[in-house]
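Worksheet: the structure to be examined is printed underneath.
Residue indices begin at 1 and follow the sequence shown. Hydrogens, waters and symmetry mates play no part in the numbers below; they use all other heavy atoms, side chains included.
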Amino acid sequence: MNIAIISPEFPPYSNWGGVATFNKSLADLLKSMGHTVRVFTAGSRPKEAVRRKNVTVIYVPNAF
């Protein structure tokens with residue numbers, strides 16, 4: 001199943017506290033269950049997508 005997590009906090013670029021840690025743990029748990037996870041998060045590099053096995057992190061510019 002394809003799953004999207006949308007949050008302004010996801011490590012390593014924005015790790016302000018418990019929300020970022022929860023999102024990373026959730027993505028890893030869903031990945032271990034065999035799902036494909038895409039994380040949309042705030043970042044300064046809008047066209048960069050980081051892929052780790054079944055987790056893809058897509059950075060969306062937060063300046064608008």
At their closest point, which heavy atom of [X] faces which heavy atom of [Y], and how far apart are they?
| X | Y | result |
| --- | --- | --- |
| Tyr59 | Ala42 | CD2-O, 3.8 Å |
| Val55 | Lys31 | CG2-CD, 3.7 Å |
| Glu9 | Asn23 | O-ND2, 3.0 Å |
| Val39 | Ala27 | CG2-CB, 4.4 Å |

Whether Thr41 side chain and Ser7 backbone form a donor-acceptor pair below 3.5 Å: yes
Single-linkage hydrophobic cluster, 4.5 Å side-chain cutoff, Val19 and Ile5 together: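 No, no single cluster joins them.
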ILVMFWY network linking Ile3 to Phe22, side-chain heavy atoms under 4.5 angstrom: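 Same cluster: Ile3 reaches Phe22 through Ile, Leu, Val, Met, Phe, Trp or Tyr contacts under 4.5 Å.
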